[in-house]
Student: 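Just dropping this structure here.
Counting convention: from 1, in listed order, for ligands and their atoms alike.
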Amino acid sequence: MKILIINAGSSSIKFQLFEMENEKVIAKGACQMIGLADPFIEFKANGREIIKHLPMKDHTQALEAVLDTLLNSELAVIKSFDEISAVGHRCVQGGWLYSESVLITDEVIENLKKTKDISPLHAEANIAGMVGCRKVMPNTPQVVVFDTAFHSTMPEKAFMYGIKYEDYENFHVRKYGFHGTSHRYILGETAKIMGKDPKDIKIVSCHIGNGSSITAISGGKSIDTSMGFTPLEGVMMGTRSGDIDPTVVAFLADKKNKTASQIIDYLNKESGVMGISGVSSDMRELNDAIQKGNERAKLALDMMCYRITKHVGAMLTVLNGADAIVFTAGIGENQEDLREKVLDSLSFVGVKFDREKNNHLPRGTVEEISTPDSKIKVYRIPTNEELLIARDTVEVAKLNN
Ligand code: ADP
C-alpha cells in the first residue's frame with residue numbers, strides 16, 4: 001500500500017511517497033517557487049535525483065506536476081494513480097477545532113478557513129495544498145494531520161494566557177503548541193526503547209531544529225509545551241526570538257517607525273540566532289563562525305542552550321520528575337555541545353550521561369546517552385513526522401480493514 005504525504009507551504013510543496021508494507025520512503029521531493037518566476041520540481045527515487053523546470057502557477061498545478069513525475073518521469077515509481085491508496089496532508093494549525101487527524105471533506109475545508117484568522121500564512125498554504133490535491137485526485141481518500149492536535153490535551157491552566165477571559169472566548173487566543181506530530185512520534189519511539197506503554201512514561205521531548213519546542217508528556221498526552229498561540233513563543237530559535245516581553249513590540253515599533261505586525265515579522269524572521277550572531281540561522285554556519293572566534297556567534301549558541309535549559313527545567317517541574325529526556329530534530333540530533341550544556345545543568349536532578357558517547361554519535365540512529373546510574377534516561381532519537389502522518393492516514397482512511 002502506498003501513501004503520499006503532502007506538506008504545503010506558501011510557495012513550496014514537499015512530498016514523500018511511502019510503501020507502508022515496510023514503512024520506507026520510495027520517492028520524495030519538493031516543488032519550489034510555486035506561483036513565482038521560475039518554478040521547478042526536485043525529485044529523488046532509487047538513489048537518483050532529477051530537477052525539472054515546469055509551469056506551476058498554483059498549488060493545483062504543482063500537484064499535477066508531482067503526480068506526473070511519480071508516474072511518467074525517468075524515475076517513475078508508480079504505473080497508475082490507483083496505486084496511491086490515500087494522501088496525508090500536514091496542517092500546521094488545527095486551532096480550537098481539531099484535536100485529532102480527520103478525513104478531509106468539504107466541511108473540514110470550510111472549518112479550516114476559520115483558522116485563517118489566527119494563522120493566516122500557514123492556513124492559506126495548507127488549505128491550497130488540500131484543495132489542489134482533491135482536484136487532482138478526486139477519488140483518493142485524503143487525511144489531514146495537525147501539528148497542534150497532540151497538544152489539545154493540555155489542561156486549561158497550561159494553555160490559557162493571563163489576559164481577559166473574553167478574548168479567549170471571542171478570539172480563541174490561547175496557547176496551541178506546535179511540532180505535535182514530532183513529539184507524538186518521539187513518545188512512541190521512547191516507549192518502544194524503554195519497553196513500556198506510552199501511557200506509563202513521563203518524558204521531556206526537545207524538538208530542536210529551525211523551529212524548536214520543548215514538551216512535557218505524561219499519561220501519553222502533552223500536558224505543556226513551550227510554543228504558544230504561534231510558533232514564536234518559547235526557546236530562542238534560528239530566526240525567532242522566542243519568549244520576549246510584549247512591551248518590546250510597541251517600543252520597537254515606535255523607535256523603528258514600523259507597525260506592530262512588522263515588528264512581529266522581524267521577531268519571526270530576523271531575530272534569534274540570526275539576529276544575535278549576525279552570521280546565520282543555520283547551526284553549521286554558526287559553528288564555523290564560532291571556530292573562527294566570532295564572539296557573537298558564541299553568544300547566540302550560549303543563549304540558545306541557556307533558554308532550552310530553562311524550558312527543560314520548567315517541564316521537569318511540571319511533570320514532577322521524568323523518566324526520559326529526548327533530543328530530536330536537526331540541531332537536537334546533531335549538535336553535541338548543545339546537548340552537553342543542557343545535560344550538564346541537570347546534574348542536580350541526577351542526570352548522568354556518557355560525554356564521550358554524546359560527542360561521537362553516528363548520524364540518524366536511536367541512541368541512549370545516559371549512563372546506567374542516571375536518574376533520568378537521556379536519548380537522541382531522529383524524528384519522523386512524515387511516517388506518523390502516513391500511519392495516521394492509513395488508520396483514519398480505514399485502509400487496514
Ligand atoms: P526544521 O525545523 O526546518 O524541520 P530541522 O529539524 O531540519 O529544521 O533542523 C535544521 C537545523 O538543524 C539547522 O539549523 C541546521 O543547521 C541544523 N543541523 C542539521 N545538521 C546538523 C549538524 N550535522 N550539526 C549541527 N546542526 C545541524
Student: Return a yes/no value for Gly330: is any of its N or O atoms, backbone included, closer than 3.5 angstrom to an N or O of ligand 1?
Tutor: yes
Student: My question is simple, although I want it checked carefully: is atom 12 (O) of ligand 1 less than 4.0 angstrom from any protein heavy atom?
Tutor: yes
Student: If we count only N and O atoms by modelled type, under 3.5 Å, do the side chains of Ser213 and His207 hold a donor and an acceptor together?
Tutor: no
Student: Counting each atom of ligand 1 from 1 as listed, which ones have a heavy atom of Arg363 under 4.0 Å away?
Tutor: 23 (N)
Student: Check this for me: Glu169, atom CD, are more than 12 non-hydrogen atoms of other residues, nucleotides or ligands nearer than 6.0 Å?
Tutor: yes
Student: Closer than 4.0 Å to some heavy atom of Gly211 - which atoms of ligand 1 meet that?
Tutor: 2 (O)
Student: Do Phe327 and Val378 make a side-chain contact, defined as non-hydrogen atoms from C-beta onward lying under 4.5 Å apart?
Tutor: yes
Student: Given side chains that start at C-beta, do those of Asn46 and Leu75 come closer than 4.5 Å, heavy atoms only?
Tutor: no
Student: Which atoms of ligand 1 sit under 4.0 Å from any heavy atom of Gln335?
Tutor: 25 (C), 26 (N)
Student: Looking at ligand 1, does Glu333 have a heavy atom less than 4.0 Å from it?
Tutor: no
Student: Minimum distance, heavy atoms only, to atom 10 (C) of ligand 1: which one of Asn210, Ile208, Val273 is it?
Tutor: Asn210
Student: As a quick check of understanding, evaluate side-chain contact (heavy atoms from CB on, under 4.5 Å) for Asn111 and Lys114, giving each step before the final call.
Tutor: CA-CA 5 Å; Asn111 275 339; Lys114 295 179 195 158; 3.0 Å; yes
Student: For atom 24 (N) of ligand 1, which of the options Thr328, Asn287, Asp282, Asn334 provides the nearest non-hydrogen atom?
Tutor: Asn334
Student: Between the candidates Met283, His179, His207, Arg284, which shows the shortest non-hydrogen contact distance to atom 19 (C) of ligand 1?
Tutor: Arg284
Student: Should we say atom CG of Asp197 is surrounded by more than 12 heavy atoms from elsewhere, each under 6.0 Å from it?
Tutor: yes
Student: Taking the side chain as every heavy atom from C-beta outward, state whether Leu17 and Ile78 have any atom pair closer than 4.5 Å.
Tutor: yes
Student: Just checking Glu23: does its CD atom have more than 12 heavy atoms from other residues, nucleotides or ligands closer to it than 6.0 angstrom?
Tutor: yes
Student: Can you list the ligand 1 atoms lying under 4.0 Å from a non-hydrogen atom of Ile331?
Tutor: 11 (C), 12 (O), 14 (O), 17 (C)
Student: Can you list the atoms of ligand 1 that are under 4.0 Å from a heavy atom of Ala329?
Tutor: 6 (O)
